[in-house]
Amino acid sequence: MSAKAEQTLVICGHGMVAQRLLEKLVAQPHRPFTRIVVFNGEASPAYNRIQLSALLAGDANEDSLQLQQPDWYQHNSITVHQGDPVTAIDREERTVTTASGRTQHYTSLVLATGSRSASLGLEGEGLEGVMGFRDLKDTRQLIHT
Ligand SMILES: Cc1cc2nc3c(=O)[nH]c(=O)nc-3n(C[C@H](O)[C@H](O)[C@H](O)COP(=O)(O)OP(=O)(O)OC[C@H]3O[C@@H](n4cnc5c(N)ncnc54)[C@H](O)[C@@H]3O)c2cc1C
């Protein structure tokens with residue numbers, strides 16, 4: 001089957017919403033897609049973002065935040081590209097391009113990119129030690145500050 005003839009679902013983002021969608025899709029008796037490809041802006045597989053507060057407080061560890069074991073994706077034939085955000089979408093060609101230069105064709109595309117820490121535009125926001133609290137990278141940095 002050619003790459004274009006496959007029913008390929010591409011998901012942009014691998015947060016809690018994308019992970020819930022993946023779990024619903026693989027639980028269906030007849031999977032609607034022959035291929036599922038996920039591009040994740042973060043370097044870590046999907047984790048429970050809500051629990052970052054507990055991680056920061058020392059009440060949880062990183063392993064306990066993981067939403068699935070690493071082999072779950074392989075077992076369910078889901079390709080996940082970690083740390084490779086989508087940088088462009090070509091709707092006519094039905095392709096996405098990523099920061100690393102990959103181009104992936106899709107038949108269906110889901111954007112599950114969540115949100116980012118907002119900046120309030122206040123004086124002092126650029127000072128050293130002032131930072132957002134949104135992802136695992138921020139949390140690790142806060143723990144080690
Ligand atoms: C510390 C903290 C505590 C929270 N506590 C609660 C709570 O108690 N209750 C509650 O309801 N909610 C809480 N939230 C909010 C909750 O975590 C979010 O609502 C939820 O994570 C949203 O899920 P999502 O999948 O839509 O987006 P996200 O979890 O933000 O995931 C989106 C993913 O997409 C990736 N991405 C972005 N752009 C691209 C791109 N171009 N290409 C590829 N990937 C991309 C991002 O890197 C990210 O990994 C909390 C959030 C934080 C940070």
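We're numbering straight along the sequence, starting at 1. Whatever order the structure lists ligands and atoms in, that order sets their numbers, starting from 1.
Listed by chain and residue number, the protein contacts of ligand 1 are C12, G13, H14, G15, M16, V17, F39, N40, G41, E42, R49, I50, S53, P85, V86, A112, T113, G114, S115, F133, R134 (heavy atom within 4.0 angstrom).
Relative ring orientation between Y73 and H14 is described as perpendicular, the plane-to-plane angle rising above 60° on a 0-90° scale split at 30° and 60°.
For the pair T107 and L9, the tightest heavy-atom approach, listed with the atom from each and the gap, is OG1-N, 4.5 Å.
Taking a 6.0 Å sphere around CD of Q74, one finds it holds 12 or fewer heavy atoms contributed by other residues, nucleotides or ligands. Heavy-atom contacts from other residues, nucleotides or ligands closer than 6.0 Å to CD of Q69 number 12 or fewer.
Side-chain contact between L22 and Q19 is present, with at least one heavy-atom pair separated by less than 4.5 Å.
Remark: L21 CG to K24 NZ distance equals 10.0 Å, nearest 0.5 Å.
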